[in-house]
Amino acid sequence: MEREIVKVLEIIAVVAVLCVLEMIREIHTFKVTHYTVTAPKLVGEETKFVLLSDLHNKVYGKHNKRLLYAITKQRPDAILIAGDMLVGKKGVYPKPAMEFVKSLANICPVFYANGNHEQRMKENPANYSHVYERYKKELSAEQVIFLENRSVVREWNGDLFTISGLEIPYEGYAKRKYHKVTEAEIEQRIGKASRASYQILIAHNPSHVPAYKEWKADLVVSGHFHGGLVRLPFLGAVITPQLKIFPRYSGGIYREGQTTTVVSRGIGEHTIPVRLFNTPEVVVLHMKGRQ
């Protein structure tokens, strides 16, 4: 009996060591994930978007050259940023994020919607030494387009796209006094969804996907949950950095009715540097019409 217990403990120890080694490997690398999004509204040639979220000042190689090379190699028509590229903490300057996003603007148009980290710095400027204002000013000077509850219309490859960036009430990120975002709140902030063009909604927090669907977005792109930190076969995401257990929308593509939702697992970490079976990712969206 003792020998069997020792054997079990040895197996547990080996598995634990392997998991730790895998976690170390994952937080130092990333992958490129491809999704195909089809819709009757799309009638032109394929349009390619790169989706990024949750960098949190992470650097892959000097000046993020590894990450920039992987994105450039995709030859995207545009880059969609779903927030949290920096770290919203006192005394933390967003130089890595700023340098990286500036470099992205040399590849193609960049559309930037804020996450909770940018939003709290923006809404409490004195607490963060007015860093967000300088961050936005420098990136805007490089033609990065910030979508703070506003929309732009662009055409690529014969298709018309409306891209909207949503900032929800900050209470919508709360862990306890949770504020459920509604379709009416979205409409109040950014107006009605476009019917004439393909409507993309960049909304950092995927907790409110039901409201985004009611608003009638054709495509929702989000991040925030970092893929659920640990992902298990059949179960998917286990727990988010916000301590949400088994989140419904954690990472991947979800097709529900007329709305497609793509949630990035993020490209970095903060506070809790844990990833297991959950490699950071650059997401590539292949936008195509239905045959």
Side-chain angles (χ1 to χ4, degrees), residues 33-43 46-54 80-83 111 113 115-116 147 151 159-169 172-173 178-228 231-240 242 244-266 278 281-291:
T33 303
H34 295 262
Y35 297 118
T36 297
V37 180
T38 60
K41 282 186 179 180
L42 301 177
V43 297
E46 177 183 324
T47 297
K48 190 185 295 184
F49 297 131
V50 162
L51 168 63
L52 301 170
S53 77
D54 301 279
L80 310 177
I81 293 179
F111 300 89
N116 54 300
L147 299 177
S151 306
D159 284 312
L160 201 62
F161 295 85
T162 297
I163 306 175
S164 304
L166 175 66
E167 283 186 350
I168 62 174
Y173 291 106
Y178 182 73
H179 175 82
K180 185 178 180 181
V181 174
T182 65
E183 176 193 0
E185 280 181 306
I186 300 173
E187 190 170 312
Q188 182 180 16
R189 287 170 177 255
I190 56 177
K192 292 181 179 294
S194 173
R195 297 290 179 270
S197 60
Y198 187 87
Q199 175 69 65
I200 298 175
L201 179 65
I202 311 176
H204 182 66
N205 190 347
S207 297
H208 307 289
V209 165
Y212 308 154
K213 288 163 53 183
E214 289 179 13
W215 184 72
K216 295 182 174 58
D218 295 307
L219 172 66
V220 177
V221 292
S222 300
H224 190 48
F225 285 159
H226 297 198
R231 299 183 72 88
L232 298 178
F234 307 110
L235 293 177
V238 176
I239 186 170
T240 73
Q242 301 77 26
K244 186 178 179 69
I245 304 295
F246 300 117
R248 180 176 179 183
Y249 303 97
S250 58
I253 186 166
Y254 309 82
R255 297 179 176 90
E256 301 166 309
Q258 299 302 310
T259 301
T260 299
T261 300
V262 176
V263 182
S264 167
R265 298 181 188 181
N278 180 34
E281 65 179 359
V282 171
V283 176
V284 183
L285 303 176
H286 301 265
M287 312 297 298
K288 298 181 179 182
R290 292 176 180 167
Q291 297 299 318

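Residue numbers run from 1 in the order of the sequence given. The figures here come from the full heavy-atom set of this structure, side chains too, leaving out hydrogens, waters and symmetry mates.
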> How about Glu256 and Pro210: do any of their side-chain heavy atoms sit closer than 4.5 Å?
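They are not in contact (no side-chain heavy atoms under 4.5 Å apart), so the answer is no.
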> For the CD atom on Glu187, are there more than 12 heavy atoms of other groups (residues, nucleotides or ligands in this structure) within a distance under 6.0 Å?
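For Glu187, atom CD is crowded (more than 12 foreign heavy atoms under 6.0 Å).
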> Measure the OG1-OH distance between Thr261 and Tyr212 for me, rounded to the nearest 0.5 Å.
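So the OG1 of Thr261 and the OH of Tyr212 are separated by 9.5 Å.
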> For the residue pair Ser207 and Phe225, establish whether any side-chain heavy-atom pair is separated by less than 4.5 Å.
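Yes, side chains in contact.
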> Would you say the ring centers of Phe161 and Phe49 fall short of 6.0 Å from each other?
yes
> Over all heavy atoms of both residues, which pair between Val181 and His208 is shortest? Give the atoms and the distance, please.
N-ND1, 3.4 Å
> If you take all heavy atoms of Tyr249 and Lys213, which pair is closest and at what distance?
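Between these two residues, the closest heavy atoms are OH-NZ, 4.3 Å.
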> Determine yes or no for a side-chain-to-main-chain donor-acceptor pair under 3.5 angstrom, with Thr259 supplying the side chain and Ala217 the backbone.
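Indeed, once roles are kept as given, a pair shorter than 3.5 Å links the two residues.
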> Taking atom CD of Glu46 and atom CE of Met287, what is their separation to the nearest 0.5 Å?
10.0 Å
> Any ion pair linking Lys180 and Glu214 (charged N to carboxylate O, less than 4.0 Å)?
no
> Distance check, rounded to the nearest 0.5 Å: Leu42 atom CG versus Thr47 atom OG1?
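Here the interatomic distance stands at 7.5 Å.
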> Could you state the interatomic distance from CG (Leu232) to CG (Asn278), rounded to the nearest 0.5 Å?
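One gets 10.5 Å once the value is rounded to the nearest 0.5 Å.
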> State, with a plain yes or no, whether a side-chain heavy atom of Tyr254 is found less than 4.5 Å away from one of Arg248.
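Tyr254 vs Arg248: side chains apart.
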> Are the side chains of Thr260 and Ile253 in touch, meaning some heavy atoms are under 4.5 Å apart?
yes
> Which of these passes side-chain hydrogen bond (donor to acceptor under 3.5 Å, both in side chains) with Gln199: Ser151, Ser194, Ser164?
Ser164
> How close do Ile202 and Ala82 get, counting heavy atoms only, and between which atoms?
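Smallest interatomic distance, heavy atoms only, reads CG2-CA, 3.7 Å.
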> May I ask you to check whether Glu185 and His179 show a side-chain donor-acceptor distance below 3.5 Å?
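Short answer, yes.
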> If every non-hydrogen atom of Ser222 is compared with every non-hydrogen atom of His204, which pair is closest and at what distance?
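Nearest pair, atom of Ser222 first, then His204: CB-O, 3.6 Å.
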> Which heavy atom of Arg231 sits nearest a heavy atom of Ala237, and at what distance?
NH1-CB, 3.7 Å
> Just how far is it from atom OG1 of Thr182 to atom CD of Gln188, taken to the nearest 0.5 Å?
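Answer for the OG1-CD pair, Thr182 versus Gln188, is 8.5 Å.
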> We want to know whether Thr33 and Arg265 form a side-chain donor-acceptor pair, criterion being a heavy-atom distance below 3.5 angstrom.
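Side chains of Thr33 and Arg265: no pair found under 3.5 Å.
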> Report yes if some heavy atom in the side chain of Ser250 is under 4.5 Å from a heavy atom in the side chain of Val263; otherwise report no.
no
> Could you measure the distance from the CD1 atom of Ile200 to the CG atom of Leu51? Nearest 0.5 Å is fine.
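Those atoms lie 10.0 Å apart.
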> Examine the side chains of Thr162 and Ser197 and answer whether a donor and an acceptor come within less than 3.5 Å of each other.
yes
> Within the structure provided, determine whether Asp159 and Val43 are in side-chain contact (heavy-atom separation under 4.5 Å).
yes
> With a 4.5 Å limit on heavy-atom distance, are the side chains of Asn116 and Asn205 in contact?
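Counting from C-beta outward, Asn116 and Asn205 never come under 4.5 Å.
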> Are side-chain heavy atoms of Val283 and Val221 found at a separation under 4.5 Å?
no
